[in-house]
Amino acid sequence: MKANTLTNAIRNTLPFFLLALHKLCIANDVTTLPDRIIPCTLEAFQRGRSGFIDIPFESGVPFIAEAHHRNENLVDNKLQPEPEYVSKIYRDSMGRIREETLDANGSVKHVNLLDPIAGSRYSLDGLGQTGFIMSLKVKSTDTKTPISEAKLPPEAQFLCRSLGTRQFDGISADGESVQLTVRDPENHQLVFEFVTESWYSPALKVQIFGSIRNMKSGNFYKKLTHIESKEAAPTLFQPRVGGKIWDAPFNSKNIGDSPAYIAP
């Protein structure tokens, strides 16, 4: 009798629970139910643990956006927030990328240019005319390496989840999380935990949001905002005409005396 009563109670309350869950998903812009365990890949782990927005070299999907970075460093077991910093991101139809790091006043203080076609990367000053050039290695974005190939201690345990689909400023993105835990093999106490969350837009082929929770160092957040699907001026992806560019490496002690070429 008691078993039948419990069964009826569950049957009667289940629709209300599912309705509440559905409303919660809508409130958080989630359009598919989250928390589905998926195979872990080394690429997902590396993508999540990066402190920067993952901008793949994809042709045919240009955009302009702002990237917001926020860090909370763990100091004496307390989270100490740092001032947010902003960068401007450009990607053209050829897959070239320009990143401008902005200061507190919104002025450009540093420029990175990445050209997968020429295989080169420029690190320039805020004016985009003085800096260094180095080679750029382009990796395939379709590779899926089993997480077992990661060089980590045997105590490391991975758990990867699909987080469903979410809207960011009207842009649909698919979410995934990677949880890395390490426990003491003797007493099974938690020694280290590292959790990443990454939301990727299939339409724009770019990461929209990412977060890192590291029990040893703190929390880190990154998000693209003010996204526009449009082409930027071609000149933005080249050093300024007449600028002085030196070859890397940076450890040259007499870099100021080394020969530089003048950007055409």
Grab the two heavy atoms, one from [X] and one from [Y], that are nearest each other, plus how far apart they are.
X    : Y    : result
D169 : H226 : OD2-N, 4.5 Å
G164 : W199 : O-CZ3, 3.6 Å
E193 : L190 : CB-CD2, 4.1 Å
L180 : A156 : CD1-CB, 3.6 Å

If you group Ile, Leu, Val, Met, Phe, Trp and Tyr by side-chain heavy-atom gaps below 4.5 Å, do [X] and [Y] land in one group?
X    : Y    : answer
F209 : V61  : no
I55  : L236 : no
V206 : L136 : yes
F63  : F57  : yes
V178 : F220 : yes

Look up atom [atom1] in [X] and atom [atom2] in [Y], then write down how far apart they are to the nearest 0.5 Å.
X    : Y    : atom1 : atom2 : result
R166 : D174 : CZ    : CG    : 13.0 Å
L113 : I133 : CG    : CD1   : 10.0 Å
I171 : L204 : CD1   : CG    : 5.0 Å
E82  : E72  : CD    : CD    : 10.0 Å
E197 : I212 : CD    : CD1   : 11.5 Å
N71  : L79  : CG    : CG    : 11.5 Å

Find out whether [X] and [Y] are in side-chain contact, i.e. whether some heavy atom of one side chain is under 4.5 Å from a heavy atom of the other.
X    : Y    : answer
I208 : I227 : yes
S172 : Q167 : yes
R91  : P56  : yes
I97  : N112 : no
F168 : L224 : no
K205 : Y200 : yes
V111 : R98  : yes

Quick one: is the NZ or CZ of R70 closer than 6.0 Å to the six-membered ring centre of Y221, and within 45° of its axis?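 Judged by the rule, R70 and Y221 form a cation-pi pair.
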
Between the side chains of S123 and H110, does any donor sit under 3.5 Å from an acceptor?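 Yes, a side-chain donor-acceptor pair sits under 3.5 Å.
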
Applying side chain to side chain contact (heavy atoms under 4.5 Å, CB included), run through L74 and M215 and close with a yes or a no. CA-CA 8 Å; L74 190 62; M215 68 175 290; over 6 Å; no

Please write out which residues are connected to M94 in a hydrophobic cluster, directly or through intermediates, given that two of Ile, Leu, Val, Met, Phe, Trp, Tyr count as joined at side-chain heavy-atom separations below 4.5 angstrom. I117

Is it true that a side-chain atom of N105 and a backbone atom of S107 form a donor plus acceptor pair closer than 3.5 Å? no

Under 3.5 Å, is there a donor-acceptor pair between the side chain of E66 and the main chain of V86? no

Exactly one of R96, E100, K230 should register a side chain to side chain contact (heavy atoms under 4.5 Å, CB included) with Y90. Which one does? E100

